[in-house]
Amino acid sequence: MKKERNSSNTLSPYMNSVHTWGRIWSVGALLALLSVPTFICVKLGVWPEGAMVMKALAKVIPIYWGTAVVEVITYTPMLGAGGTYLGFVTGNITNLKLPCGLNAMENAGVKANSEEGEVISTISIGASAITTTVIIAAGVLLFAPFLGKLTDPQSVMAPAFTYILPALFGALGAGYFRKHWKISVFPILVGVAVLLFAPTLAVGTLIFVTIVAAIGGALVMLKLKLV
Amino acid sequence: MDFKESGFMYAIAAFVIAFVVAESVFFIVKAWKRGRELGISKETLKNTVFSSIVFTIAPALSILTTVIVLAGALGIVLPWIRLSVIGNLAYETVASETMLNVFGSTLSTEITDPAQFGAVAWVMTIGTSFALVLTPLMCKTIQMKVGKAVHKSEKSSKAADVISAAAFIGIIAAFIARAIYGKTPDGVGDAGFMSIVTLVTAIVVSLALEFLCDRFNLKKLQPFAMPLSMFAAMGMAVLLNQVLPAQVAQFTWWG
């Protein structure tokens, strides 16, 4: 495989092009998203009271906007530029796009922060976004009544969906734990310790803590020559 | 006709979905061409697409579930739009519930007032769109700084490998920790017996499949080891919920 690495100060023409197009698509997506409530209000001839909306936003914005800052800083190095621009437009990053991209890079044997990793991550997240869109659209148009029963809390299949995150991250983590078990134990212990004191801590915040613990622990082990 | 599920709402949904698919196709084509220039084989690229599709099926069904749950109050189209673009399982539910609480209502009750419907749409949109402002401003800077750090650490490739793996493990560790001792705001999926058994099953099946792939050189099975492990763990949750007494299957640390 031909290796083309970025120099320390500049990005390759491909990467610059990804950033240019990523910005264009992101701004376009923002406008498209804002057009949804605008169209709804114009069509229905109603405009909600600003004070009521602000009251709800005052509760939602501190959580979501703070999490957005942490997520952009945390996920960009993991997903690469194309994966980041695409992932933040298509949503469901933490529970789907991120593990999907990581799994694809692991399977292809490429590293994040290389152009090979960038390519694999982008293709993986794009394929995942289209699949999600198709499944949701098909489900809404064809299977909504059936799926409602399938995922009903009383359904036999309900536990499968209730515990989808442990299933997803257990399956994803196994390969990493096998290869890097020495540096895996500490961040998990830190995560559990934090949850002992704050069990409902938002996952966006917890991820930040466990990444710092994982990298910090790995650096100490490297210094002590334990890994 | 219900204003929440009118032809106009479906037209908006079609527009948003077309946008998402167009952007995805654009970036896939761009990355595919670059991948071939870099010498990545067609087989690797195809495997990436297929394994990502398989990987996505179960979580996408879970997202579809959220669409259906929200549909009770909001109609099916608005949740469909929100969760096809930028949306997130947890965010959309919390944002809509928060706005409805201000009106003295909840997601358990169908919205019949168009003004309330419009307000919910605005809160969902504004609450979750900030990342689209941040990525054009921050993504390039972050990537260049990370590139510099990696370039410096390439002097010690082992250190770079370990730190890179540690960052991935940090993300996974948060979810593992939540499966061991996490509590959800609505109490659904709290950590306890079932979350830990599901987690352990996924890890054990994944390791077993990896072992089989390595031992018998099953290269075609390898990309599917992860999604198969996930489905096996989900199946275990369903099975144990059927065969074990309720007090065991539904045991959580919070009773």
Side-chain angles (χ1 to χ4, degrees), chain A residues 1-2 8 19 23 25-26 30 37 41 44 46 48 56 60 64-65 68 72 76-77 88 91 96 100 104 113 119 122-124 126-132 135 139-140 148 151 159-160 162-164 166-167 169-171 173-174 180 187-188 191-192 195 199-200 206-207 210-211 214-215 218, chain B residues 23-24 28 31 35 39 48-49 52-53 55-56 59-60 62 64-65 68 80 86-87 98-99 102 114-115 118-119 121-123 127 130-132 134 136 140 142 146 148 150-151 165-166 169-170 172-175 177 179 181 183 189 195 198-199 202-203 206 223 226 229-230 233-234 237 241:
Chain A
M1 198 180 284
K2 216 190 306 176
S8 59
H19 282 294
R23 286 167 173 169
W25 279 103
S26 295
L30 187 61
C41 289
L44 297 177
V46 292
V60 170
Y64 291 0
W65 289 25
V72 171
T76 299
F88 278 101
L96 175 54
C100 192
N113 300 315
V119 161
T122 304
I123 292 173
S124 169
S128 177
I130 293 172
T131 307
T132 308
I135 287 176
V140 166
T151 56
T162 303
Y163 297 102
I164 193 166
F169 282 94
H180 304 282
I188 294 173
V192 172
L195 289 173
T200 55
L206 187 63
I207 281 177
T210 49
I211 285 178
I215 294 176
Chain B
E23 180 174 357
S24 302
I28 289 173
T48 300
V49 171
S52 299
I53 290 171
F55 189 104
T56 301
S62 179
L64 178 59
T65 308
I68 292 163
W80 176 22
I86 208 171
T98 305
M99 185 68 250
V102 173
W122 274 111
V123 171
F130 191 51
L132 289 181
L134 292 176
K140 192 170 184 177
I142 293 169
V146 170
K148 264 187 189 175
V150 170
H151 190 74
I169 287 166
I172 296 163
F175 287 92
Y181 203 80
K183 180 162 172 42
S195 66
T198 309
L199 174 72
I203 292 173
S206 179
M226 194 270 146
S229 314
M230 183 171 68
M234 291 166 73
N241 196 54

### Message
Looking at every non-hydrogen atom in both residues, tell me the closest pair between A:Thr210 and B:Ala174 and how far apart they are.
### Response
OG1-CB, 3.5 Å
#### Entry: Pairs of heavy atoms under 4.5 Å with chain B: top-ranked of A:Ser124, A:Ala218, A:Gly173
A:Ser124
### Task
Identify, with sequence neighbours excluded, every residue that meets side chain to side chain contact (heavy atoms under 4.5 Å, CB included) alongside B:Ala60.
A:Thr132, A:Ile135, B:Thr56
#### Entry: Closest non-hydrogen atom pair between A:Ala56 and B:Val123, with its separation
CB-CG2, 4.0 Å
### Message
Looking at every heavy atom in both B:Ile28 and A:Ala127, which two are closest together, and how far apart are they?
### Response
CD1-N, 3.6 Å
### Task
Specify which of A:Trp65, A:Tyr163, A:Phe88 makes the most heavy-atom pairs with chain B at under 4.5 Å.
A:Trp65
### chain B contact via A:Val46 - side chain, backbone, both or neither, heavy atoms under 4.5 Å
side chain
### Query
For the residue pair B:Ser206 and A:Ala171, what are the closest heavy atoms and their distance?
OG-O, 3.4 Å
### Message
Out of B:Leu132, B:Thr198, B:Thr98, B:Leu199, return the one with the most heavy atom pairs under 4.5 angstrom to chain A.
### Response
B:Leu132
### Message
Tell me the closest heavy-atom pair linking B:Phe55 and A:Leu96, and the distance in Å.
### Response
CE2-O, 4.0 Å
### Task
Check each atom of A:Cys100 against the heavy atoms of chain B and say whether the ones under 4.5 Å are side chain, backbone, both or neither.
both
### Query
At what distance, to the nearest 0.5 angstrom, does CD1 of A:Ile130 lie from CD of B:Glu23?
10.5 Å
### Task
Just give me the residue among A:Pro77, A:Pro199, A:Gly126 that pairs up with chain B most often, heavy atom to heavy atom, under 4.5 Å.
A:Pro199
### Task
Could you have a look at A:Val192, A:Val60, A:Ile123 and say which one has the most heavy-atom pairs with chain B under 4.5 angstrom?
A:Ile123
### Task
Just give me the residue among A:Ala104, A:Gly191, A:Pro159 that pairs up with chain B most often, heavy atom to heavy atom, under 4.5 Å.
A:Pro159
### Query
Do you know the tightest heavy-atom contact between A:Ala167 and B:Ala202?
O-CB, 3.4 Å
### Message
Using a 4.5 angstrom heavy-atom cutoff, name the option from A:Leu44, A:Thr131, A:Thr162, A:Leu195 with the most pairs to chain B.
### Response
A:Leu195
